[in-house]
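Beneath this line is the structure, given in structure tokens, with notes to follow.
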Amino acid sequence: MPKPSVGCTFATLVAWITFTSAYGAVPTDYLHLDYCVIGAGPGGLQIAYFLQRSQRHYLVFERSNLSGSFFVHYPRHRKLISINKRFTGKQNKEFNLRHDWNSLLSHDDELLYKNYAKDFFPHADTMVHYLNNFTKRFDLKIRYNTAIMWIEAERDPAAWSGHYFFLADQNDNHYRCSVLLVATGIWVPNVPDFPGSEHTEGYESISVDPDHFVGQTVLILGRGNAAFETADNIVGVTNFIHMLSRSRVRLAWATHYVGDIRAVNNAMLDTYQLKSLDGLLEGDLENIAIIQDKKGKLHLRLRYQFNESKASQDGWSNGTNQHLLYEDEIDNFSVREPYDRVIRCLGWKFDFSIFNNITKPLRNRGRMSKYPLVKATYESASLPGMFIIGAASHSVDYRKSAGGFIHGFRYTARAVHRLMERRYHGIPWPATTLPITHLTNAIIKRINEASGLYQMFTVLADVVLLRKNATEFEYLEEYPVGALPHLQENTGKNVTDGLFVIDLEYGSNFSRPESDVFHPSRSVGEPKHAWLSNFLHPVIYFYKHLPTEAEMMHRPKFWPLPRPHNIHHIVEDLLTDWTAAKAHILPLRRFLENCLGTDLRSFFAESCFKFTLTNQHVPPFCHHGYLKMQGLLDEVTPWLGSLDHSPSDMVSIEVH
């Protein structure tokens, strides 16, 4: 950061003073980089792979001495809940990634997770091994043992986004970056503050040896996978276990959200419902207190149940002579028995502490406050040029899709890379241009193979841009749905003749904790009822013009997109195989034809010849195939369309 000149702006002066006050003399030995990536976890490695392939000037900073250091310690009981389905009956790599939740995206088939682990739920050590092999195989540029301690921004009109990012590590090395990619994940434990919270033990440090819990009574705060994982580990040796959370238990098979309780972890639900002492309780942690008695036992109480002034007088506040009240008022109080241990398993949150001045991301609101606030393009809502990559970007699809997990954010990282390639290097979003006659097949192929649409349903979508009066189309893959109004600037593609948007969706009224997701009429089989499909199924939206930001903001509740001019649901399928001629392909083709006002059928040469002789408008298939390749010359067609045909006229036509 150079010393500000006399004519510098106030913002520049403030930034210079802030930097000087934090680090003394202003350093001049910056290492300049186009892209700085913080964190060498799976999110950081994925974006680094794309930067490496596009030969960009980047560097990854990792505070540990190896990639994927989070998995060295977590999950504590070492079993991943991301599935490793090695066999699907198909050889299509793209399709198989739908059921591979651990592999990062790359061009090397040896870097598929099935080559590293055989277990359906792999051991966490395998993930560490895999991520470091991924790093070495592609020679990713990573600086290990480098903890970024401080991030600042200074405005500069020469910078790509109007400002540079300045970073400093624990060794007082300094870096200047044009673009900042934050892939630190969410790793700071959530530690509640309530009376007696000092008596709790954290998931991050609790013993994983069941022998340390023999004959004990345990209270677990939290009801996520970490809490159930901890309970499953000790359920066979404890007197009983209680779990306390403010929300009801949410099971992944009921909500379709991968972050909810997975079946592999929920054995304690059996012991609760079958009355084997264990239990689940609902209550807000803000309304509880933990009191330790003279014997070291821990009592769970509600705050209103004791007199805090009396407790303070008796020494409750310093833990010397805790005073229990109201024990006899409700003699069947569910938690009247004391506990030997209280374990908090309340998840993690994003580390905001390393950011200064304008670089500090805004917090999300409510239950998403553990995440930074980002746009649909995963760019910070408060500062251009700073993108959140990996698990910390989950606020875009929290409790909806898989963006907080490897099998989701590997695709959002690719979307961010494509956006950066367009914005900073002028490279348009990848697209394929084809004749309109290929549209049905192109959509069928993608909905049956694409893994990005499958994992990031309602968040990433394919976009079809109509060209040349709908005689051609451009096909763009996996564009962020929420950024559809800004498609032209983000992709470099103009929208002139309308567009289709293709995504996968669950039924809007099907997935919620209290639903009976196994009810007899849970699935739909008839194409005419496709819009009632409950399970994941393709939905195609047709717009005559690009939706505006206002239309996106006022879209119908639970809809990922604004109301289109036409919409088509493809009926759900148990095998997620949408290739049935009558149930899937024919209704789709008719929908597309209705939107386009054309005929998308394929014809034999004889039929094309007949159309040419008897109709003014020849189907597109005949135009793109028969007329241009082996039939009548294309320039003859207009004349044929206006000809008053007679037998002698037809005989005189020269056929090429």
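These values consider heavy atoms only, across backbone and side chains, with no hydrogens, waters or symmetry-generated copies. We count residues from 1, following the sequence as given.
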### Query
Quick one: which of Arg399, Arg248, Arg250 gives a salt bridge (charged side-chain N to carboxylate O under 4.0 Å, His left out) with Asp260?
Arg399
### Task
Salt-bridge test for Lys297 and Asp340: reply yes if a basic N is under 4.0 Å from a carboxylate O, no otherwise.
yes
### Message
Looking at every heavy atom in both Ser533 and Ala530, which two are closest together, and how far apart are they?
### Response
OG-O, 2.7 Å
### Query
Do Tyr506 and Thr458 have a side chain donor and acceptor closer than 3.5 Å?
no
### Nearest-0.5 Å distance that lies between atom CG in Leu453 and atom CG in Asn448
11.0 Å
### Message
Between Leu251 and Asn266, is there a side-chain heavy-atom distance shorter than 4.5 Å?
### Response
yes
### Query
Looking only at heavy atoms, what is the nearest atom pair of Ser207 and Phe213, with distance?
O-CE1, 3.5 Å
### Query
Under 6.0 Å from the NZ atom of Lys93, do we count more than 12 heavy atoms belonging to anything else shown?
yes
### Task
State, to 0.1 Å, how close His199 and Leu298 come at their nearest heavy-atom pair, and which atoms those are.
CB-CD2, 3.9 Å
### Message
If we ignore hydrogens and angles and just use 3.5 Å, is the side chain of Arg410 paired with the main-chain N or O of Ser103 as donor and acceptor?
### Response
yes
### side-chain hydrogen bond (donor to acceptor under 3.5 Å, both in side chains) between Thr184 and Asp351, worked out
CA-CA 8 Å; Thr184 55; Asp351 182 12; over 6 Å; no
### Message
Can you give me the closest heavy-atom contact between Val396 and Tyr378, atom names plus distance?
### Response
CG2-CE2, 3.6 Å
Pairs of donor and acceptor atoms involving the side chains of residues 362-374, under 3.5 Å and at least two apart or interchain, shall be tabulated with distances.
| unit_1 | atom_1 | unit_2 | atom_2 | d |
| --- | --- | --- | --- | --- |
| Arg363 | NH1 | Ser369 | O | 3.3 |
| Asn364 | ND2 | Ser395 | OG | 3.3 |
| Ser369 | OG | Gly366 | O | 3.1 |

### Query
What is the minimum heavy-atom distance between Leu45 and Ala40, and which atoms define it?
CG-O, 3.7 Å
### Message
Any side-chain to backbone donor/acceptor pair from Tyr130 onto Asn102? Under 3.5 Å, distance only.
### Response
no
### Query
Are Val481 and Val459 side-chain neighbours, meaning at least one heavy-atom pair lies under 4.5 Å?
no
### Task
Taking the six-membered ring for Trp and the single ring otherwise, decide whether the centroids of His99 and Phe95 are under 6.0 Å apart.
yes
### Query
Mind checking what makes salt bridge (charged side-chain N to carboxylate O under 4.0 Å, His left out) contact with Arg341, not counting sequence neighbours?
Glu201
### Summary
One should read off an interatomic distance between Trp578 CH2 and Ile570 CD1, to the nearest 0.5 angstrom, of 8.0 Å
### Query
Short question: side chain of Gln455, backbone of Gly408 - any donor-acceptor pair under 3.5 Å?
no
### Query
Are any non-hydrogen side-chain atoms of Phe355 and Pro361 less than 4.5 angstrom apart?
yes
### Query
Are Asp397 and His394 close enough that a side-chain donor and a side-chain acceptor fall under 3.5 Å?
yes
### Message
Nearest 0.5 angstrom please: Leu532 CG to Ser523 OG, how far?
### Response
11.5 Å
### Backbone N/O of Leu302 and side chain of Asn287: donor-acceptor pair under 3.5 Å
no
### Message
Tell me if the CG atom of Asp109 is crowded by more than 12 foreign heavy atoms within 6.0 Å.
### Response
yes
### Query
Can you tell if the side chain of Val128 reaches within under 4.5 Å of the side chain of His123, non-hydrogen atoms only?
no
### Any Ile261 side-chain heavy atom under 4.5 Å of Val249 side chain
yes
#### Entry: Ala376: side-chain contact (heavy atoms from CB on, under 4.5 Å) partners, not counting sequence neighbours
Ala483
### Under 3.5 Å donor-acceptor, His407 side chain and Ser82 backbone
no
### Task
May I ask you to check whether His242 and Tyr339 show a side-chain donor-acceptor distance below 3.5 Å?
yes
### Query
So, for Tyr113 and Trp101, is the gap between ring centers shorter than 6.0 Å?
no
### Task
Search all heavy atoms of Arg301 against all heavy atoms of Ile291 and return the closest pair with its distance.
CG-CD1, 4.3 Å
### Query
Side chains of Val182 and Phe387: does their closest heavy-atom pair fall under 4.5 Å?
no
### Stepwise side chain to side chain contact (heavy atoms under 4.5 Å, CB included) test for Lys118 and Arg86
CA-CA 7 Å; Lys118 294 183 178 180; Arg86 297 189 295 145; 3.7 Å; yes
### Query
Between Ile47, Val60, Ile388, which is the residue that forms a side-chain contact (heavy atoms from CB on, under 4.5 Å) with Leu181?
Ile47
### Task
Please confirm whether the backbone N or O of Leu131 pairs with a side-chain atom of Thr135, one donor and one acceptor, at under 3.5 Å?
yes
### Query
How would you list, by chain and number, every residue that makes a salt bridge (charged side-chain N to carboxylate O under 4.0 Å, His left out) with Glu572, sequence neighbours excluded?
none
### Query
Are a donor atom and an acceptor atom from the side chains of Tyr116 and Asn133 found within less than 3.5 Å of each other?
yes
### Message
I'd like to know whether CG of Leu574 has more than 12 heavy-atom contacts from other residues, nucleotides or ligands below 6.0 angstrom.
### Response
no
### Query
Any Lys/Arg nitrogen of Arg344 or Glu204 sitting under 4.0 Å from an Asp/Glu carboxylate oxygen of the other?
yes
### Task
Kindly say whether Val218 contributes a backbone atom to a donor-acceptor pair with the side chain of Gln216 at under 3.5 angstrom?
no
### Query
So, do Thr200 and Leu221 sit near enough that their side-chain heavy atoms are less than 4.5 Å apart?
yes
### Query
Are any side-chain N or O atoms of Asn65 and backbone N or O atoms of Asn145, one a donor and one an acceptor, separated by less than 3.5 Å?
no
### Message
Do Phe71 and Pro42 make a side-chain contact, defined as non-hydrogen atoms from C-beta onward lying under 4.5 Å apart?
### Response
yes
### Task
Ignoring hydrogens and angles, tell me if any N or O in the side chain of Ser401 forms a donor-acceptor pair with the backbone of Gly403 under 3.5 Å.
no
## Note on the structure
With sequence neighbours left out, the residues meeting side-chain hydrogen bond (donor to acceptor under 3.5 Å, both in side chains) with Asn132 are none
### Message
Using only atom types and a distance under 3.5 Å, with no angle test, would you say the side chain of Ser69 pairs donor to acceptor with the backbone of Leu66?
### Response
no
### Query
Within 45° of the six-membered ring axis of Trp187 and under 6.0 Å from that ring's centre, is NZ or CZ of Arg63 located there?
yes
### Task
Consider only side-chain N and O atoms of His299 and Asp293, and report whether a donor and an acceptor are under 3.5 Å apart.
yes
#### Entry: Presence of salt bridge, Asp100 and Lys114, under 4.0 angstrom
no
Ignoring hydrogens and angles, write down the donor-acceptor pairs under 3.5 Å from the side chains of residues 227-241, residues two or more places apart or on other chains.
| unit_1 | atom_1 | unit_2 | atom_2 | d |
| --- | --- | --- | --- | --- |
| Glu229 | OE1 | Tyr203 | OH | 3.1 |
| Glu229 | OE2 | Arg76 | N | 3.4 |
| Glu229 | OE2 | His77 | N | 3.0 |
| Glu229 | OE2 | His77 | ND1 | 2.5 |
| Glu229 | OE2 | Tyr203 | OH | 2.9 |
| Thr230 | OG1 | Ala226 | O | 2.8 |
| Asn233 | ND2 | His77 | NE2 | 3.2 |
| Asn233 | ND2 | Val208 | O | 3.2 |
| Thr238 | OG1 | Ile234 | O | 3.2 |
| Asn239 | ND2 | Gly215 | O | 2.8 |
| Asn239 | ND2 | Thr217 | OG1 | 3.2 |

### Query
With ring centroids as reference points, do Phe352 and Phe350 lie under 6.0 angstrom apart?
yes
